[in-house]
Novice: 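Below you'll find the structure I mean.
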Number of protein chains: 2
Amino acid sequence: MPAYEQIKRYVIRRITEGDWKPGGLIPSETELVKEFGVARMTVSRALRELTSERVLTRVQGSGTFVAPQRYESTVLEIRNIADEIAARGHRHSARVLTLEPSDDPQALEALGLSSGPAFHSCIVHSEEGEPIQYEDRYVNPKVFPEYLQQDFTIETPNHYMVRLAPIQRAEFRIYAQKPDAYVRRHLSMEIGEPCLQLWRRTWVGDDAATSVQLWHPASRFHLAGNV
Amino acid sequence: MPAYEQIKRYVIRRITEGDWKPGGLIPSETELVKEFGVARMTVSRALRELTSERVLTRVQGSGTFVAPQRYESTVLEIRNIADEIAARGHRHSARVLTLEPSDDPQALEALGLSSGPAFHSCIVHSEEGEPIQYEDRYVNPKVFPEYLQQDFTIETPNHYMVRLAPIQRAEFRIYAQKPDAYVRRHLSMEIGEPCLQLWRRTWVGDDAATSVQLWHPASRFHLAGNV
DNA sequence: AAGTGGTCTAGACCACAGG
DNA sequence: CTGTGGTCTAGACCACTTA
């Protein structure tokens, strides 16, 4: 593995393990040059790439910092439903339906795992008591080994994961779709009402961290943002 | 402006002006080094960054190529339905239902116009003859004074506008919604089938250039992209 | 064998921030 | 003033593709 790649992974590891906190200063290029015994150009490339991946921010003259997590819009950034509801001045609540290991082959495939299990959670999020999102999530145990021990009525999976790991990339697809009966019941939807459905897969380094299906009642939800 | 940035812009210009076609080979690093009189590392950085931005693809041992068109990104990029269809190797056709001035107060409001008229167009876009998008668009005459004189069966409004003006910012909202009877008929949809609906407003400088509603049959369309 | 991209070095000069 | 990041050079060795 190239030296610049090793340095990138080292930086990510220090962040995910909590040694370097969001907003905090990390060692300078010169210090990393000494630590790894490489040329400055090599360290520079590693840090520059992590900056373009929004893991770091750099300020000429002062230093390199761990990027603060930003929340802007649901589609573009990795936005948290609880924060969105709070931003509207409303009360968020969550009901955990499922939280267990799973060997679903499609999920393993989406996470790039050759063998199981993956972690699986199903949660209904409500705004002022009214269900607004059905979240069906698979999680890579390699990235979040303690996922199953969390209490997701207190902190959403999204918030938990953003807090622990620097998301570098996300793919998404958006559909308008009829929910199945199970989802429809949990979202208190009328028969025939469509869902706005969002599939999203996020990456930490080269690992697919999580693959999630989010179902929203069309009458009570839309996505918005700007570019 | 740094040399690597100048080289990046040069490459993009050659591509946008059609000198270098998607899939085609571009000059090697060595040739660009001679052309610009810089070190190979500088050219390398420019081409590497364009590769990570998916403008180019590189194959060790054979060369650097212009990346083939992507078909994901409708939400983030200001993407053209005709290009998307062409990228799938299919045939695009358009039927113009409306093309005229309009004094609709909501539209004037959305475009920030104190007095009318705005320009209004309604177009149905089809993929291999099957309708896939109903486009209801209002345009700011100040930004595109000759909008009404265009033939939108040849070039889509989107392409026309992107060609003339540099879009700098866009807002969007995405809904899952039932179409009204008029839209449903034009999209050949069954009763009860939902639409994936996208509203978008784009800005050129401080002017709202256009405000558009796009309706898509849920069974034949989804949005995709990555961040 | 020749040409391509992928990586790396050991220097250098610069702009900028903070004490 | 010192330390930081931003850029650049002129070489080098390597892995890979194509002929």
Side-chain angles (χ1 to χ4, degrees), chain A residues 1-15 19-70 166 168-169 203 205-207, chain B residues 1-15 19-68 70:
Chain A
M1 188 190 300
Y4 76 89
E5 189 61 41
Q6 291 180 42
I7 297 170
K8 285 177 71 172
R9 295 192 185 213
Y10 169 79
V11 171
I12 288 173
R13 198 172 64 246
R14 294 298 294 263
I15 296 172
D19 302 328
W20 298 343
K21 309 275 184 206
L25 188 65
I26 77 165
S28 71
E29 292 192 350
T30 319
E31 291 173 286
L32 291 171
V33 160
K34 280 183 209 147
E35 187 165 343
F36 283 90
V38 297
R40 193 183 145 215
M41 272 293 273
T42 304
V43 170
S44 176
R45 172 169 177 183
L47 299 185
R48 187 178 352 111
E49 292 191 1
L50 287 173
T51 302
S52 84
E53 292 162 24
R54 301 197 258 182
V55 173
L56 302 175
T57 59
R58 316 191 77 186
V59 182
Q60 192 173 133
S62 46
T64 303
F65 305 83
V66 179
Q69 283 296 341
R70 282 172 315 173
Q168 287 167 303
R169 193 164 66 80
W203 300 77
D206 288 333
D207 296 315
Chain B
M1 188 190 299
Y4 77 90
E5 188 61 40
Q6 291 179 42
I7 296 171
K8 285 177 71 172
R9 295 192 185 210
Y10 169 80
V11 171
I12 287 174
R13 197 171 65 246
R14 294 298 294 265
I15 295 172
D19 301 328
W20 298 343
K21 309 270 185 214
L25 189 65
I26 77 165
S28 71
E29 292 192 350
T30 321
E31 291 172 287
L32 291 171
V33 161
K34 279 182 208 147
E35 189 165 340
F36 282 89
V38 297
R40 193 183 144 216
M41 271 293 273
T42 305
V43 170
S44 176
R45 172 170 177 183
L47 299 185
R48 184 174 0 108
E49 291 191 1
L50 287 173
T51 302
S52 84
E53 293 162 23
R54 303 203 226 183
V55 172
L56 302 175
T57 60
R58 315 191 76 184
V59 183
Q60 191 174 134
S62 52
T64 303
F65 305 83
V66 179
R70 284 177 290 164

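By convention in this document, chain letters (A, B, ...) are assigned in the order of the sequence lines, proteins followed by strands, and residues within each chain are numbered from 1. Heavy atoms only: backbone and side chains are in, while hydrogens, waters and symmetry mates are out.
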Novice: Measuring only between side-chain heavy atoms, which start at C-beta, is B/Thr51 closer than 4.5 Å to B/Thr64?
Specialist: no
Novice: By side chain to side chain contact (heavy atoms under 4.5 Å, CB included), which residues pair with A/Gln6, not counting sequence neighbours?
Specialist: A/Met1
Novice: Please list all pairs passing the salt bridge (charged side-chain N to carboxylate O under 4.0 Å, His left out) test where one or both residues lie in residues 32-44 of chain A, with sequence neighbours left out.
Specialist: A/Glu29-A/Arg40
Novice: Taking side chain to side chain contact (heavy atoms under 4.5 Å, CB included) as the test, write out the residues that go with B/Ser52, two or more places apart.
Specialist: none
Novice: Roughly how far apart are B/Leu32 CG and B/Ile26 CD1, rounded to 0.5 Å?
Specialist: 6.0 Å
Novice: Which dot-bracket string fits DNA chain C when only Watson-Crick or G-U wobble pairs with both atom distances under 3.5 Å count, crossing pairs get [ ], and | stands for a partner on a different strand?
Specialist: ||||||||||||||||||.
Novice: List the residues meeting side-chain hydrogen bond (donor to acceptor under 3.5 Å, both in side chains) with A/Arg48, not counting sequence neighbours, and say none if there are none.
Specialist: none
Novice: Quick one: which protein N/O atoms are closer than 3.5 Å to N/O atoms of nucleotides 2-5 of chain C? Pair and distance per line, please.
Specialist:
from, atom 1, to, atom 2, distance (Å)
C/dG3, N2, B/Gly61, O, 3.0
C/dT4, OP1, B/Ser28, OG, 3.4
C/dT4, O2, B/Gly61, N, 3.2
C/dG5, OP1, B/Thr64, OG1, 2.9
C/dG5, OP2, B/Glu29, N, 2.9
C/dG5, N7, B/Arg40, NH2, 3.3

Novice: List the residues meeting side-chain hydrogen bond (donor to acceptor under 3.5 Å, both in side chains) with B/Ser28, not counting sequence neighbours, and say none if there are none.
Specialist: B/Glu31
Novice: Could you pull out all residues at least two apart from A/Thr42 that satisfy side-chain hydrogen bond (donor to acceptor under 3.5 Å, both in side chains)?
Specialist: none
Novice: Any heavy-atom pair between the side chains of A/Ile15 and A/Leu56 that's under 4.5 Å?
Specialist: yes
Novice: For a 4.0 angstrom threshold against heavy atoms of chain B, report the outermost contacting nucleotides of DNA chain D in 5' to 3' order.
Specialist: D/dT7 to D/dT17
Novice: Under the ring-ring contact (aromatic ring centres under 6.0 Å, His included) rule, what pairs show up with a residue in residues 20-62 of chain A, not counting sequence neighbours?
Specialist: A/Tyr10-A/Trp20, A/Tyr10-A/Phe36
